[in-house]
S.K.: 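Starting off with a structure, shown below.
Quick note: residue numbers are just sequence positions, from 1.
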Amino acid sequence: MLEYKAARYGRTFAKIDRFAPTSQTCSACGRLDGPKPLNVRSWTCPCGAIHDRDVNAAINVLAQGRWDNSNACGAQVRPALVPAPRDEAGIRPDAACSTRSVEGISVL
């Protein structure tokens, strides 16, 4: 039901793993603290962060949904590495021993 409503209103819908340990993972440092009984409503991570169980789970669900859909079009966000042209990567022999300075800052 959420998926078709998101499409109707022009929103992005992201489905995360049903068994993701969102209430057991620290949203500050990412440490997996392990299962807790349902009567434990807040817990403290060894990193010092104090979490409400439901708020922490909501932060983790949002982060995981955004991570899966970092680019809505499915394209790579970062362009692929391109090797530098051979003449660009070379060293200019006349610049290697330069003692010129620019505004009082020496190059060598």
S.K.: Return the OG to CD1 distance between Ser23 and Ile59, rounded to the nearest 0.5 Å.
M.R.: 12.5 Å
S.K.: Please report the interatomic distance SG(Cys26) to CG(Asn60), rounded to the nearest 0.5 Å.
M.R.: 8.0 Å
S.K.: One pair to check against side chain to side chain contact (heavy atoms under 4.5 Å, CB included): His51 and Asp33. What are the steps and the verdict?
M.R.: CA-CA 12 Å; His51 298 291; Asp33 200 42; over 6 Å; no
S.K.: Give, for atom OG1 of Thr44 and atom CD1 of Ile50, the distance between the pair rounded to the nearest 0.5 Å.
M.R.: 4.5 Å
S.K.: Which heavy atom of Lys36 sits nearest a heavy atom of Arg53, and at what distance?
M.R.: O-NH2, 3.4 Å
S.K.: Answer yes or no: does atom CZ of Arg11 have more than 12 heavy-atom neighbours from other residues, nucleotides or ligands under 6.0 Å?
M.R.: no
S.K.: Which heavy atom in Ala6 sits nearest to a heavy atom in Phe13, and how many Å separate them?
M.R.: CB-CB, 3.9 Å
S.K.: Of all heavy-atom pairs between Gly65 and Ile16, which one has the smallest distance, and what is that distance?
M.R.: N-CG2, 3.8 Å
S.K.: Does Asp52 have any side chain to side chain contact (heavy atoms under 4.5 Å, CB included) partners at least two apart in sequence or in another chain, and if so, which?
M.R.: Asp54, Val55
S.K.: Taking only residues two or more places apart in sequence, or in another chain, which ones meet Pro35 in a side chain to side chain contact (heavy atoms under 4.5 Å, CB included)?
M.R.: Gln24
S.K.: When you look at Asn56 and Trp43, which way does the side chain to side chain contact (heavy atoms under 4.5 Å, CB included) test go after all the steps?
M.R.: CA-CA 10 Å; Asn56 182 57; Trp43 56 280; 3.6 Å; yes
S.K.: Tell me every residue that passes side chain to side chain contact (heavy atoms under 4.5 Å, CB included) with Ala20, counting only those two or more places apart in sequence or in another chain.
M.R.: Asp17, Thr22, Gln64
S.K.: Would a distance-only check, ignoring hydrogens and angles, find a side-chain to backbone donor-acceptor pair under 3.5 Å from Arg31 to Ala28?
M.R.: no
